[in-house]
Structure formats: C-alpha cells, structure tokens
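As structure tokens, the structure follows; a few thoughts come after it.
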Amino acid sequence: MIQFLSIAFRNMKTVGTICPSSPMLARSLAAAAIESTSPKRILEVGPGTGPVTKEILKCLGPDDVLDIVELSSEFCQDLDAKILTPWRTRGKPGQVTLHNAAIQDVELEMGSYDCVICGLPFNNFEIDLVETIMRRLLDLLRPGGELSYFCYFGAKTMKSTVLDGPGRDNLRAIARLERELHLAHSGSRHVVLANIPPAEVRRLQKP
Ligand SMILES: C[S@@+](CC[C@H](N)C(=O)[O-])C[C@H]1O[C@@H](n2cnc3c(N)ncnc32)[C@H](O)[C@@H]1O
C-alpha cells in the first residue's frame, strides 16, 4: 500500500488514484475472464500492484494465456517479484507475459483476445488518447470477445467542479465516447460500492 501511494503521488496523471482496487472491484473487473471458457487469451492493461491480476491468475487454466501491459517500470518490478514469479513455479513457461510499455505502443496480436481487462484512469487522459486506446483495446478482441474497464462513480461530476472550461469539455467528450461505445457494443454497467472510492465496472462486447 505504501509503495502504491508513493508511485501514485509521483505519477498522478497515469495512476489516477491513491488506493489499489478492493477485492470486490478486482473480482468484478476480472469477471469477464472468470466467465470465459478455456482455452482463453486474456489481456490485462494497467495492473498497478496487481489486485486484478491475482483474480485473473486464480481462473487461469493450463491452456490459457495472459498478457499484461503496464507503463510503470516500478509497478512492473513489484508485480513480477510479488505475484508473477511465485505463480510461475506452478504455471506453464510462457503462459504469462508482462510487457513494460504503454498499451498504445506495444505490439500485440490484433483480434486475438477473448477478454481485455483495463484498469486505466481514462478520466485523467486527453480525449484523443482515450479514443486511441479504446479503439485499440476493441481491435485486440476477437469477435464475441469482451472488454471490461472501470471508472470511479460520479468522478466526472466531481472533477468538473474543479476544472477549467477545456478540462470540462474534455470530460464531456470522454462521456460522449463512452456512451457511443456502450450503445454500439451492447454495454453493461455495474456499481461496486465496496471500494475507495465506489466504482462502476463497464463491459463492452465486440460484435
Ligand atoms: C488506476 S491504476 C490501476 C491499478 C490496478 N489495476 C488496480 O485496480 O488497483 C492505473 C494503472 O495503469 C497504468 N497505466 C497508465 N497509463 C497506461 C498506459 N498507457 N499503458 C499501460 N499502463 C498504463 C498505471 O501505471 C497504473 O498502474
């Protein structure tokens, strides 16, 4: 927790919170992977210290594959040492790969994932970046695959009160994009109160 706080304070824009996800939020985010049938390919984006990774690893069968993409090298080192290295003693070699990179830059196989689980703080990003990343995550899914991501409940309303005009316009544009994607991808939403702050998990289906 102290390590998460220290990295979060130095990288507020890309981390976007001061607390890792609660076990309830982590389970809810990982539900798409838990419900997906094996053999499955899963992509996790922005694991931080790994609360969602732990839930995904619990449901990883011997023929499943997990790719993880994390921007911060400090979070990568921590995740590798505390979660992935101990897990690798039980899993198959090459089953889990950690990429220390930005999701918009890393090379991954398009159209190949059954589910993408994303922990990025979209409300902190410029609309162009949100659009680039969202389109990429959907392109990485196979047809019928599922993207799940989250945002903090009421965050846009609260942030709007402290932002200037362009900042508020940016949040409105993100909300508009999310509404469009929700309609085009049979979206569903689920509020998780047991998290600091309460969060909403959103799921999109690739047609
Ligand atoms: C809100 S934290 C989520 C942490 C974790 N998933 C959890 O639930 O506690 C966002 C994470 O996304 C990572 N991140 C931010 N921008 C990224 C990008 N473009 N590509 C990959 N990871 C990114 C941050 O370094 C951070 O670890």
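Atoms within a ligand are numbered from 1 in the order they appear, just like the ligands themselves.
Shortest contact from atom 25 (O) of ligand 1 to any protein heavy atom: Glu70 OE2, 2.5 Å. Of the protein's heavy atoms, Ser21 OG, 3.3 Å lies nearest to atom 7 (C) of ligand 1. With respect to atom 10 (C) of ligand 1, the closest heavy atom belonging to the protein is Gly119 O, 3.2 Å. Nearest protein heavy-atom contact of atom 20 (N) of ligand 1 is Ile103 N, 3.0 Å. Considering only non-hydrogen protein atoms, atom 15 (C) of ligand 1 sits nearest to Thr14 O, 3.1 Å. Summary of contacts: the protein heavy atom closest to atom 2 (S) of ligand 1 is Val15 O, 3.2 Å. The nearest heavy-atom contact from the protein to atom 23 (C) of ligand 1 is Leu120 CD2, 3.3 Å.
In the vicinity of Pro51, heavy-atom distances shorter than 4.0 Å reach the ligand 1 atoms 7 (C), 8 (O), 9 (O). Every atom of ligand 1 is numbered from 1 in the order shown, and the set under 4.0 Å from a heavy atom of Phe75 is 25 (O), 27 (O). Under a 4.0 Å criterion applied to the non-hydrogen atoms of Gln104, ligand 1 contributes the atoms 19 (N). The distance from ligand 1 to the heavy atoms of Phe125 drops below 4.0 Å at these ligand atoms: 16 (N). Taking every non-hydrogen atom of Gly48 and a distance limit under 4.0 Å, the qualifying atoms of ligand 1 come out as 4 (C), 27 (O).
Between Arg88 and Asp80, at least one side-chain N (NZ, or NE/NH1/NH2) sits under 4.0 Å from a carboxylate O, which counts as a salt bridge. Asp139 and Arg136 are not joined by a salt bridge, as no carboxylate oxygen comes within less than 4.0 angstrom of a charged side-chain nitrogen. Under 4.0 Å is where a charged nitrogen must lie from a carboxylate oxygen, and between Glu178 and Arg189 no such pair does.
The shortest N or O to N or O distance between Leu71 and ligand 1 is under 3.5 Å. Checked against a 3.5 angstrom limit, the closest N/O atoms of Glu44 and ligand 1 fall outside it. Backbone and side-chain nitrogen or oxygen atoms of Pro20 are examined, and none is located within less than 3.5 angstrom of a nitrogen or oxygen of ligand 1. Among the atoms of Gly46, some N or O lies under 3.5 angstrom from an N or O of ligand 1.
Annotation for Ile34: atom CD1 counts as buried by contact number, over 12 foreign heavy atoms lying within 6.0 Å.
At a cut-off of 3.5 Å, with distance as the only test, a side-chain donor of Glu44 or Thr53 sits close to an acceptor on the other residue.
Counting heavy atoms only, Pro47 comes closest to atom 5 (C) of ligand 1 of the residues Cys151, Pro47, Cys118, Gly50.
The list of salt bridge (charged side-chain N to carboxylate O under 4.0 Å, His left out) pairs with a residue in residues 114-132, not counting sequence neighbours, reads Asp114-Arg142, Glu131-Arg135.
What you find for Ser186 and Gln205 is that their closest heavy atoms are O-CG, 3.8 Å.
Hydrophobic clustering, defined by side-chain heavy atoms of Ile, Leu, Val, Met, Phe, Trp and Tyr closer than 4.5 Å, groups Ile83 together with Met24, Leu25, Leu29, Ile42, Val52, Ile56, Leu57, Leu60, Leu66, Ile68, Leu79, Leu84, Trp87, Val96, Leu98, Ile117, Phe150, Tyr152, Val192, Val201.
Leu147 and Ile133 fall within the same hydrophobic cluster, where Ile, Leu, Val, Met, Phe, Trp and Tyr residues are linked whenever their side-chain heavy atoms come under 4.5 Å apart, directly or through other members. Placement of Phe153 and Leu120 in two distinct hydrophobic clusters is found when ILVMFWY residues are connected by side-chain heavy-atom separations under 4.5 Å, directly or transitively. Under the 4.5 Å side-chain heavy-atom criterion for Ile, Leu, Val, Met, Phe, Trp and Tyr, Val65 and Tyr113 are members of distinct hydrophobic clusters.
Judged by the shortest distance from any of its heavy atoms, Ala101 lies inside the 4.0 Å radius around the atoms of ligand 1.
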